[in-house]
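Here the structure is laid out as structure tokens; the discussion comes afterwards.
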Amino acid sequence: MPAVTYIEHDGTEHAVEVKAGLSVMEGAIRNNVPGIDADCGGACACATCHVYVDEAWLEKTGKPSAMEESMLDFAENVEPNSRLSCQIRATDALDGLVVRLPENQH
Ligand code: FES
């Protein structure tokens, strides 16, 4: 199972295993990682699952879709490595993925 590390804004790390095929958002919810509310349930319609992808993983996670880009406009503190975690699927290629949570999500 791909291991994903979520790092809260205060530096608290949550290293969990996320079943391949689930989204990075679902991995957070199932493992009680705080800071990812996922109000829309993964429909790319709320931006409460905003994360920053660690620079080392940007290439492997790929680029956001046009729909994701437009939803990111509603998120706060958006950076070039911002993604909506419900739009990143956990796969074996992402084993070791590190994402950080924005300041306004905790
Ligand atoms: Fe709503 Fe990701 S859970 S946009």
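Remember, it's 1-based here, ligands and their atoms both numbered in the order they're listed.
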Heavy-atom check, side chain of [X] versus side chain of [Y], under 4.5 Å:
| X | Y | answer |
| --- | --- | --- |
| Ile7 | Leu101 | no |
| Leu84 | Met71 | yes |
| Tyr6 | Val24 | yes |

Query raised in the report: Any chance the side chains of Gln105 and His9 put a donor and an acceptor closer than 3.5 Å?
Result: no
Report summary line: Applying side-chain hydrogen bond (donor to acceptor under 3.5 Å, both in side chains) to Arg100 and not counting sequence neighbours gives Asp54
Query raised in the report: Should Leu22 and Val33 be regarded as members of a common hydrophobic cluster, given that ILVMFWY residues are connected when their side-chain heavy atoms come within less than 4.5 Å of each other, either directly or indirectly?
Result: yes
Query raised in the report: If you count only heavy atoms, which residues are under 4.0 Å from ligand 1?
Result: Ala38, Cys40, Gly42, Cys44, Ala45, Cys46, Ala47, Cys49, Cys86
